[in-house]
Amino acid sequence: MPAYHSTFLSDPASNERLVGNFALSPLKTKFRGPAYPADGDYDIIDEILDLFRANSFFKNFEIKGPADRVLIYGILFVSDCLSKITINTPKNEAHKILTNLSLDHFAIPGDANFPLNSLYLAPRDRNEYDLYKGYLTQFRQELSARLIERIYKEDQLHPSKYWLAFTRRRFMNKSL
């Protein structure tokens, strides 16, 4: 059974803005950054959260386009987020933890300590580097905020055990 790929592969608007081979997909976001606002109710972050649990079982993933690279990065970031939350972490504490995680210094493709340099092209110049860094910061903030809303949907004091069950799974045997 093959892994689930992004539905935004065929969307010309999502592949219009590229840095290296990473699509700067439009986002529905309340955070400031370089991402264009998304049309409609469904964006790449919703897709990442929908496909995370199904794709986390796969060790191999065939990349079919730039939107799949966004999907891979998002799934690996969600894995990192879930590893920071325990069953006894209340929602407000989880919000602080994941906000700090999304804003902390992180490597981008092309940096020596980025673990997925074989899958992503480095930015060509300083302007692309700044655009990439700004987009990924905005992307990580929005993804962590929506993840918190999903895993604390039923209970504000305890995260969903159905989400935390995936903390030990490693998509593609990789982590950020």
For residues 160-170, which side-chain N or O atoms pair as donor and acceptor with protein atoms under 3.5 Å away, sequence neighbours left out?
residue : atom : partner : partner atom : Å
S160    : OG   : Y162    : N            : 3.2
T167    : OG1  : L164    : O            : 3.1

Open item on the list: Is there a side-chain contact (heavy atoms from CB on, under 4.5 Å) between F171 and V78? Walk through the geometry before answering.
Closed with: CA-CA 10 Å; F171 177 61; V78 169; over 6 Å; no
Would you give me the side-chain donor-acceptor pairs under 3.5 Å for residues 47-58, sequence neighbours excluded?
residue : atom : partner : partner atom : Å
E47     : OE1  : S6      : OG           : 2.7
E47     : OE2  : T7      : N            : 2.6
E47     : OE2  : T7      : OG1          : 2.8
D50     : OD1  : R150    : NH1          : 2.9
D50     : OD1  : R150    : NH2          : 3.1
D50     : OD2  : Y42     : OH           : 3.1
N55     : OD1  : Y4      : N            : 2.9
N55     : ND2  : Y4      : O            : 2.9
S56     : OG   : F52     : O            : 3.4
S56     : OG   : R53     : O            : 3.0

- [ ] Could you walk me through whether L119 and F61 pass side-chain contact (heavy atoms from CB on, under 4.5 Å), step by step?
- [x] CA-CA 11 Å; L119 301 176; F61 189 84; over 6 Å; no
Determine yes or no for a side-chain-to-main-chain donor-acceptor pair under 3.5 angstrom, with [X] supplying the side chain and [Y] the backbone.
| X | Y | answer |
| --- | --- | --- |
| H5 | A67 | no |
| N21 | L121 | yes |
| N117 | P109 | no |
| Y135 | S25 | yes |
| D111 | N113 | no |
| E142 | I45 | no |

Open item on the list: Whether R140 and D80 form a salt bridge (side-chain N of Lys/Arg under 4.0 Å from carboxylate O of Asp/Glu) is what I want to check.
Closed with: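 Here D80 does not pair with R140 in a salt bridge, since their nearest N and O are not under 4.0 Å apart.
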Task: Test side-chain contact (heavy atoms from CB on, under 4.5 Å) applied to D43 and T29, step by step - done: CA-CA 10 Å; D43 67 354; T29 183; over 6 Å; no
Task: Contact list for residues 89-115, test ring-ring contact (aromatic ring centres under 6.0 Å, His included), sequence neighbours left out - done: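 Pairs touching residues 89-115 that pass the test: F114-Y120.
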Task: Approximate separation, where rounding is to 0.5 Å, of L157 CG and N92 CG - done: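 The CG atom of N92 is 8.5 Å from CG of L157, to the nearest 0.5 Å.
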Please tell me if the side chains of [X] and [Y] come closer than 4.5 Å, counting only heavy atoms from C-beta onward.
| X | Y | value |
| --- | --- | --- |
| Q141 | L103 | yes |
| R17 | L131 | yes |
| S144 | F77 | yes |
| I108 | Y73 | no |

Task: Worked verdict on K28 versus D41 for salt bridge (charged side-chain N to carboxylate O under 4.0 Å, His left out) - done: CA-CA 8 Å; K28 296 181 310 185; D41 293 335; 5.7 Å; no
TODO: List the steps and the verdict of side-chain contact (heavy atoms from CB on, under 4.5 Å) for F31 and T137.
DONE: CA-CA 9 Å; F31 298 100; T137 301; over 6 Å; no
Open item on the list: Can you confirm whether the side chains of T99 and S102 place a donor and an acceptor under 3.5 Å from each other?
Closed with: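 There is no such pair (donor and acceptor under 3.5 Å, judged by atom type) between the side chains of T99 and S102.
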